[in-house]
Amino acid sequence: MSFEDYHGVWVFLEVRDGQIAPVSLELLGAGRQLADKRHTELAGVIIGEGVRQLAGTAFEYGADQVYVYDAPIYRHYRTETFMKALFACTHKYKPEIILFGATTTGKDLASAVATDLPTGLTADTTMLDVEEDTGLLLASRPAFGGNIMATILCKKYRPQMATVRPKVMKALTPEPGRTGVVVEESIPLQEDEVRTKVLEIVRETAKKVKIDEADIIVAGGKGLGSAAGFELIHQLADVMGAAVGASRDVVEAGWIGHHHQVGQTGVTVTPKIYFAIGISGAIQHIVGMQNSGLIIAINKDPAAAIFQNCHYGIVGDAFEIVPMLIAELKQALR
Ligand code: FAD
């Protein structure tokens, strides 16, 4: 493998509800900086059905080029079909760096492609840089429970790959009318060769705000006492248009679904504001929310560990404080 053959920074452009996902636009912003530093091109790869016209958005957000796989076989995300397309594209054009959003799709696809290539993959990156002369990607992420930042290098393989958490990088201000090159690609893949079939898409009808992309999260813990008590968390979240988070104990008690769980075995979140209500502050929870912009804790135990990990702490009963907060916010946001 000669590293000289590898050029360009790529971003996998995830499509959600017919639009490029916000995290992919953020990655185009980050990718632009890396590509400029390396004096190379920034390209997007978009896979789906009826997605060709989205290339224009990618150009406006900084891409020079977009590789498009547009066919009915890509209507729904399936690891097998997307992986085969991206694998083929990577082999053909040999990018030096590929970035993915650390979303369910991005993590799944990145790990499948990295395994098949094979190359290294840094997961859940929060900082990206590149060594101008060597082209080494410096992918940094919290490690050891968030106590250190580890910078991970992939010295022996290309491309270098990383998944990046949503809301960490900044999208560029779109430049209307900015254009680039669309490269239409295809691979000879038939539906009967694909082992996975999508039979039905069941959309979650409950709370709409996605926890890993929310600006404000109201998270509740076992201190709410019961599923009925946990309703208070939904009420506070609704007033602010916030997402609802939960500790693992709450999820295990069945008060809310697993994808609301914040922490080591749940989702890692970095909202602007994080409310931790009736949550004790176990390390497994803290590692999932400690990079939030502003952390406000409410707990009736003044010795609760959460108070060591928050910007503002309120010692008191959630059932007294939260209703007051809801009333004040309703008044203020009227
Ligand atoms: P508790 O620890 O029971 O805390 C409840 C808190 O509520 C207490 O501090 C109490 O003072 C307070 N309280 C009680 N009543 C009130 C009231 N009326 N008003 C205000 N405060 C009140 N946990 C996670 O959250 N996420 C994870 O991803 C995760 N992964 C794990 C992985 C492993 C391998 C292990 C071993 C554990 C993991 N855990 C995880 C579990 C974690 O260790 C804790 O058990 C869990 O976070 C505790 O949840 P809690 O804070 O809701 O409950």
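Sequential numbering from 1 along the given sequence is applied to the chain's residues.
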query = Under 3.5 Å, is there a donor-acceptor pair linking the side chains of Tyr93 and Glu185?
reply = yes
key: Flag for Thr270-Asn291: side-chain donor and acceptor within less than 3.5 Å   = no
request  = Given side-chain contact (heavy atoms from CB on, under 4.5 Å), test Leu54 with Leu13 step by step and report yes or no.
outcome  = CA-CA 9 Å; Leu54 296 177; Leu13 301 172; over 6 Å; no
request  = Check the angle between the aromatic planes of Phe12 and Phe82 and answer parallel, tilted or perpendicular using the 30° and 60° thresholds.
outcome  = perpendicular
Whether Tyr74 and Tyr69 hold their rings parallel, tilted or perpendicular, with breakpoints at 30° and 60° = perpendicular
request  = Start with the C-alpha distance between Asp5 and Arg158, add both sets of side-chain angles, then the distance that settles salt bridge (charged side-chain N to carboxylate O under 4.0 Å, His left out), and finish with yes or no.
outcome  = CA-CA 10 Å; Asp5 300 339; Arg158 290 290 181 274; over 6 Å; no
request  = Evaluate the side-chain proximity of Cys310 to Ile296: yes if any heavy-atom separation is below 4.5 Å, no if none is.
outcome  = no
key: Validation row: Lys167, Lys272 side chains within 4.5 angstrom (heavy atoms)   = no
Kindly give the heavy-atom pair with the smallest separation between [X] and [Y], and that separation in Å.
X	Y	value
Ala242	Val218	CB-CG2, 4.0 Å
Ala253	Lys222	CB-CE, 4.1 Å
Ile211	Val244	CD1-O, 3.6 Å
Glu41	Asp64	CA-OD2, 3.5 Å
Thr103	Pro166	CG2-CG, 4.4 Å

ask   = Got a sec: does the CD of Glu184 have more than 12 other heavy atoms crowding it under 6.0 Å?
value = yes
ask   = Crowded around Lys330 NZ? As in, over 12 foreign heavy atoms under 6.0 Å?
value = no
inquiry  = Please enumerate all residues that pass side chain to side chain contact (heavy atoms under 4.5 Å, CB included) together with Arg141, with sequence neighbours excluded.
reply    = Thr122, Ala123, Asp124, Ile152, Arg165
Electrostatic pair Arg78:Glu193 at N-O distance under 4.0 angstrom = no
message = Filter on salt bridge (Lys or Arg N to Asp or Glu O under 4.0 Å), then keep only pairs touching residues 308-320, sequence neighbours left out; what's left?
response = none
query = Do Ile47 and Leu27 belong together in a cluster built from hydrophobic side chains that touch within less than 4.5 Å?
reply = no
request  = Apply side-chain contact (heavy atoms from CB on, under 4.5 Å) to the pair Lys84 and Val194, showing each step before the final yes or no.
outcome  = CA-CA 10 Å; Lys84 284 190 167 143; Val194 184; over 6 Å; no
Residues Ile295, Asn309; criterion side-chain contact (heavy atoms from CB on, under 4.5 Å); working and verdict = CA-CA 8 Å; Ile295 300 170; Asn309 290 285; 5.7 Å; no
